[in-house]
Participant: 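Structure provided below as structure tokens; questions to follow.
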Amino acid sequence: MRTLKIGLLIRIVSLSAALFCVTGCEQDSSTIIETSSDNRSVREILDLPDHMPTPAIPDFNPLTNAKIQLGRFLFYDPRLSANQAQSCASCHNQSLAFADGIAQPLGSTGHQLVRNSQGLANVIYHSTLTWSNDGFLELEDQLNVPIRADNPIELGVTDAKLDEVLLRFEQDPQYVEMFAIAFPDSDSNITMNKIIFSLASFVRTMISASSPYDQYLAGDKSALTQQQITGFQLFNGEKFECFHCHSGINFSSSYRDANTASDAIQFPFFNNGLYNVGGDGSYPSDDQGLYDLSLNPADKGFFRPQSLRNIELTAPYMHDGSIATLREVIEHYARGGSLTESGINAGDGRLSPLKSGLIQGFDATDEEIDAVIAFLESLTDEEFITSPKFSNPFEE
């Protein structure tokens, strides 16, 4: 049996990660000489088209090309797991928009994870990271969990394994050179803090902005079919009401950019009626979302609205991968919640007392559902999933 609920563990890791990053970050970032503090250089490094806002980059870890390149190597390197069995890319596949197509993946030691692997497109624009943690505001903090946590184990670089893992990179001349270039004035050797800074820098470059929908925004009115335009209108209409939680350029109300005022940042989490265990709004006991951190019963089943970019490629859906197709997702919302007829998680999500008031259910024709699905498919970015910028450098 677990001695800690996963949410409580994540909170503990979150707090230690913040300390780990803030104290270590000052030492490393203060000596970085290649910076990109002005908006123009950030936009150039990320190669942002005009319709994409300038994202927020933390001052303690400014983007540099050297850190991005180092982070790309680390992202694909299984030596970053304690047993050298997995890399970040094991659960984040470029061809699937950096998701993995599995409902609930296994960690490097075979430990079963309880959450679906998210796609990584445009995570730079999210106001919080992960499915249901209101304390992960920067990638530098979030990355500590998959790398360092021991329950469940993902990459498994615990304190007992840390020196062994770092030694692998210290003994590789190519990595020694890349770390020296990425952190030119640092007196320390290769550290986990530098690894996390570099990984965060690489993940921030994963901008998806070349889909047919983006081309339509840029002025090519032939980029979307009439069915997709109809779906776009339904998506933003009061019948389907998708736009309330999936809004803006990143199709998520969990959003910020460089121009978002600090007092205007939203940190939204919702219960969408996926479960109603026991009739009191509870979700399955192994993952109750934000409640597992806050212990506030009103937070049961609260999860962050995901970005819908490349959503066609990131099935299965929901935090636990329990819905297989986009049509089933829309049918879930049309019904006003999912029905689990039997078993320990039996309950009618439509009747959940904790379900968001935005999810009332609606009547939809097959043609309307087809149109919304067609629009969602227009968010697939073929350039993003094939770009050499994000590909495995060990295969070049």
Participant: Whether R309 and D214 form a salt bridge (side-chain N of Lys/Arg under 4.0 Å from carboxylate O of Asp/Glu) is what I want to check.
Facilitator: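 So D214 pairs with R309 through a salt bridge.
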Participant: What's the shortest heavy-atom distance between L376 and L326, and which atoms?
Facilitator: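 What the structure gives for the nearest pair is CD1-CD2, 4.2 Å.
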Participant: Is the gap between the ring centers of F251 and Y213 under 6.0 Å?
Facilitator: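 That pair passes the under 6.0 Å test.
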Participant: Going by distance alone, is a donor N or O of one side chain under 3.5 Å from an acceptor N or O of the other, for T380 and E312?
Facilitator: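 A donor-acceptor contact under 3.5 Å links the two side chains.
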Participant: Can you find a side-chain donor-acceptor pair between S391 and R72 that sits under 3.5 Å?
Facilitator: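 Looking only at side-chain atoms, R72 and S391 do form a donor-acceptor pair, the distance falling under 3.5 Å.
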Participant: Indicate whether any N or O donor in one side chain lies under 3.5 Å from an N or O acceptor in the other, for S252 and S254.
Facilitator: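 S252 vs S254: no donor-acceptor pair found between side chains.
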Participant: Answer with yes or no whether the side chains of K389 and T205 bring together a donor and an acceptor at under 3.5 Å.
Facilitator: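 No, no side-chain donor-acceptor pair sits under 3.5 Å.
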Participant: If the condition is ring pair (Phe, Tyr, Trp, His ring centres under 6.0 Å), which residues does Y175 pass it with, not counting sequence neighbours?
Facilitator: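 Applying ring pair (Phe, Tyr, Trp, His ring centres under 6.0 Å) to Y175 gives F169.
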Participant: Verify whether the ring centers belonging to F240 and F362 lie closer than 6.0 Å.
Facilitator: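 Judged by ring-centre distance (under 6.0 Å), F240 and F362 do meet the cut-off.
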Participant: Can you pull the salt bridge (charged side-chain N to carboxylate O under 4.0 Å, His left out) pairs that have at least one residue in residues 88-104, sequence neighbours excluded?
Facilitator: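 Non-adjacent pairs meeting salt bridge (charged side-chain N to carboxylate O under 4.0 Å, His left out): zero.
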Participant: Are any of the side-chain heavy atoms of K67 and N61 separated by less than 4.5 Å?
Facilitator: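 Sidechains of N61 and K67: in contact.
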Participant: Could you state the interatomic distance from OG1 (T128) to CD (Q266), rounded to the nearest 0.5 Å?
Facilitator: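 One finds 11.5 Å between OG1 of T128 and CD of Q266.
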